[in-house]
Amino acid sequence: MAQPRTSRSSNRKKVAALVAATFAISSVVAFAGCTFSTENLEFERAEKAELAGKHDEAVKHYRAVIDRSMQSPLALKAAQEAARISNYDLKRYKEAILLYKHVVLYSPTERERIDAQKHIAEINFSQILDYTSAIVEYSRLLELPHGDAEEAQYRMAIARSYFYQNNFFQSQAEIDRILKGKFDKNTLFDARVLKANIFLTTKELDDAIKTLNELIRQDPERAKEEKVGLLLAICYEEQKNFSKAVETLVSIRDFYPRRDFIDNKIRALKEREYHQPGARGLKK
């Protein structure tokens with residue numbers, strides 16, 4: 001017996017729907033496979049370009065991987081590689097910052113996120129001298145897991161950033177926070193030298209001299225390495241206490257790497273002392 005016309009029509013619709021669904025699935029799979037292959041191809045091109053020393057081309061291909069699939073593991077690796085090349089080889093620091101931010105945003109690994117954040121802070125501080133951004137980025141690092149040595153590094157960078165911005169009040173506040181903490185002696189030494197520089201810059205010369213003399217007395221070897229005596233001589237010169245400035249320079253002359261510089265400075269100070277009101281001439 002022949003099937004009813006309505007039944008045959010229904011079957012044809014089902015078959016057509018099945019064919020359409022199969023075609024759609026095949027298209028999706030094919031597209032996904034194409035995308036996967038293209039990402040890997042771009043990554044391989046980037047690696048070959050880097051091996052050939054074509055760093056600009058390598059970054060271009062790595063960025064193509066990122067643009068195709070922002071959140072994929074391969075895009076994350078591409079961002080890490082492109083950031084490294086932009087930072088160390090091309091010296092394109094602002095581009096490197098954007099790539100490191102991609103790692104901060106998409107990496108599932110805390111260690112990778114922290115390392116990328118460190119690079120962002122260091123580039124702002126040391127390379128592009130954007131101290132406002134450096135303060136922000138180092139402050140973010142303080143909110144992430146870190147050890148005592150890292151905290152010392154971050155806080156000193158923040159204090160120096162404020163100093164370079166001529167924000168001496170905030171810089172000193174950060175230094176005082178460091179000096180109250182339980183940090184290693186090198187960090188405390190650096191903090192006190194920076195504090196002495198603040199005193200010198202703001203013409204609080206007595207405080208600067210007191211701080212520097214304490215550093216020389218407490219850690220003479222480190223004071224020699226950091227040329228604290230030269231800074232102390234400058235403070236005495238600012239006070240117009242030329243005899244003390246000369247005395248200080250004479251005390252560091254033998255271990256200073258440029259004795260000619262010290263000798264010239266001593267002669268200039270004696271000349272200035274000679275021309276001071278009431279001076280009786282150069283002391284022989």
Side-chain angles (χ1 to χ4, degrees), residues 87-88 91 93 118 121-129 131 134 138 149-150 152-166 168 171-172 174-175 178-179 183-276 279 281-284:
N87 187 12
Y88 296 109
K91 313 297 182 185
Y93 299 116
K118 283 182 182 180
E122 288 166 2
I123 291 171
N124 278 298
F125 180 78
S126 301
Q127 302 300 337
I128 63 177
L129 310 183
Y131 298 118
Y138 276 115
E150 291 168 317
Q153 177 192 346
Y154 303 157
R155 292 199 179 281
M156 279 301 302
I158 292 171
R160 287 192 174 107
S161 294
Y162 280 122
F163 178 81
Y164 297 143
Q165 289 181 320
N166 296 324
F168 303 123
S171 180
Q172 187 167 333
E174 293 294 331
I175 292 168
I178 293 169
L179 293 175
F183 297 108
D184 64 278
K185 67 176 185 177
N186 289 330
T187 298
L188 298 177
F189 185 97
D190 291 341
R192 294 174 72 186
V193 170
L194 183 57
K195 192 170 186 177
N197 272 288
I198 292 174
F199 288 143
L200 173 58
T201 305
T202 57
K203 305 302 181 184
E204 299 174 72
L205 298 173
D206 288 339
D207 289 329
I209 289 168
K210 179 182 177 182
T211 301
L212 294 170
N213 273 317
E214 287 176 352
L215 286 171
I216 292 171
R217 184 175 65 256
Q218 293 171 4
D219 196 342
E221 290 304 315
R222 181 76 193 280
K224 287 179 183 180
E225 293 174 7
E226 299 299 328
K227 302 177 179 59
V228 171
L230 184 59
L231 185 58
L232 178 59
I234 293 171
C235 292
Y236 283 129
E237 183 180 359
E238 286 289 312
Q239 280 190 331
K240 293 184 168 53
N241 190 344
F242 301 118
S243 60
K244 286 294 291 184
V246 169
E247 178 185 325
T248 302
L249 290 174
V250 169
S251 72
I252 69 171
R253 179 184 179 277
D254 289 341
F255 56 81
Y256 194 79
R258 290 183 54 200
R259 292 186 182 182
D260 58 331
F261 171 80
I262 296 296
D263 290 339
N264 290 335
K265 188 70 177 173
I266 289 172
R267 281 193 290 271
L269 287 169
K270 287 183 175 180
E271 185 72 18
R272 290 185 66 186
E273 185 179 26
Y274 178 79
H275 289 96
Q276 285 292 297
L282 284 167
K283 295 181 180 179
K284 303 294 184 183

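In this chain, numbering begins with 1 at the start of the sequence shown.
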State, with a plain yes or no, whether a side-chain heavy atom of Glu226 is found less than 4.5 Å away from one of Phe189.
yes

Could you check if a side-chain atom of Phe242 sits within less than 4.5 angstrom of a side-chain atom of Glu271, using non-hydrogen atoms only?
no

Ser171 side chain to Phe168 main-chain N or O, any donor-acceptor pair under 3.5 Å?
no

Consider only side-chain N and O atoms of Ser243 and Asn241, and report whether a donor and an acceptor are under 3.5 Å apart.
yes

Please check: side-chain N/O of Asp219 versus main-chain N/O of Leu215, any donor-acceptor pairing under 3.5 Å?
no

Got a second to check how far Leu269's CG is from Leu249's CG, nearest 0.5 Å?
6.0 Å

Would you give the length of the straight line joining atom NZ of Lys224 to atom CG of Leu230, rounded to the nearest 0.5 angstrom?
15.0 Å

Short side-chain donor-acceptor distance under 3.5 Å, Gln218 and Arg192:
yes

Taken in chain and number order and not counting sequence neighbours, the residues that satisfy ring pair (Phe, Tyr, Trp, His ring centres under 6.0 Å) with Phe125 are Tyr131

With a 4.5 Å heavy-atom cut-off, do Leu179 and Ile175 have their side chains touching?
yes

In the structure I gave you, are the side-chain heavy atoms of Asp184 and Thr187 within less than 4.5 Å of one another anywhere?
yes

Using the salt bridge (Lys or Arg N to Asp or Glu O under 4.0 Å) rule, pick out the option among Lys265, Lys270, Lys244 that qualifies with Glu237.
Lys265

Does one side chain, of Gln239 or Asp206, offer a donor that lies under 3.5 Å from an acceptor on the other?
yes

Distance check, rounded to the nearest 0.5 Å: Leu205 atom CG versus Lys210 atom NZ?
15.0 Å

Has the side chain of Lys91 got a donor or acceptor atom that lies under 3.5 Å from a matching backbone atom of Tyr88?
yes

From Ile178 CD1 over to Ile158 CD1, what is the distance, rounded to the nearest 0.5 angstrom?
8.5 Å

Glu150 vs Lys118 side-chain heavy atoms within contact, under 4.5 Å:
yes

Counting only N and O atoms by type, is there a donor-acceptor contact under 3.5 Å from the side chain of Arg259 to the main-chain atoms of Asp254?
yes

CG of Asn213 to CG of Leu232: how many Å apart, nearest 0.5 Å?
5.0 Å

Any side-chain heavy atom of Met156 sitting closer than 4.5 Å to one from Glu174?
no

How far apart are the C-alpha atoms of Tyr138 and Glu122, what are their side-chain angles, what is the distance that settles it, and do they pass the side-chain contact (heavy atoms from CB on, under 4.5 Å) test?
CA-CA 8 Å; Tyr138 276 115; Glu122 288 166 2; 3.5 Å; yes

Taking distance alone, no hydrogens or angles, what donor-acceptor pairs closer than 3.5 Å link side-chain atoms of residues 195-202 to residues at least two apart or in another chain?
residue	atom	partner	partner atom	Å
Lys195	NZ	Asp176	OD1	2.8
Asn197	ND2	Val193	O	3.1
Thr201	OG1	Asn197	O	2.7
Thr202	OG1	Ile198	O	2.7
Thr202	OG1	Phe199	O	3.4
Thr202	OG1	Glu204	OE2	2.8

Heavy-atom closest pair (Ala233 atom, Ala245 atom, distance to 0.1 Å) is O-CB, 3.6 Å

Could you walk me through whether Arg222 and Asp190 satisfy the salt bridge (charged side-chain N to carboxylate O under 4.0 Å, His left out) test, starting with their C-alpha distance in whole Å, then the side-chain angles of each, then the deciding distance to 0.1 Å, before giving a yes or no?
CA-CA 10 Å; Arg222 181 76 193 280; Asp190 291 341; 2.7 Å; yes

Within this structure, what is the CD1-OG distance for the pair Ile216 and Ser251, rounded to the nearest 0.5 Å?
7.0 Å

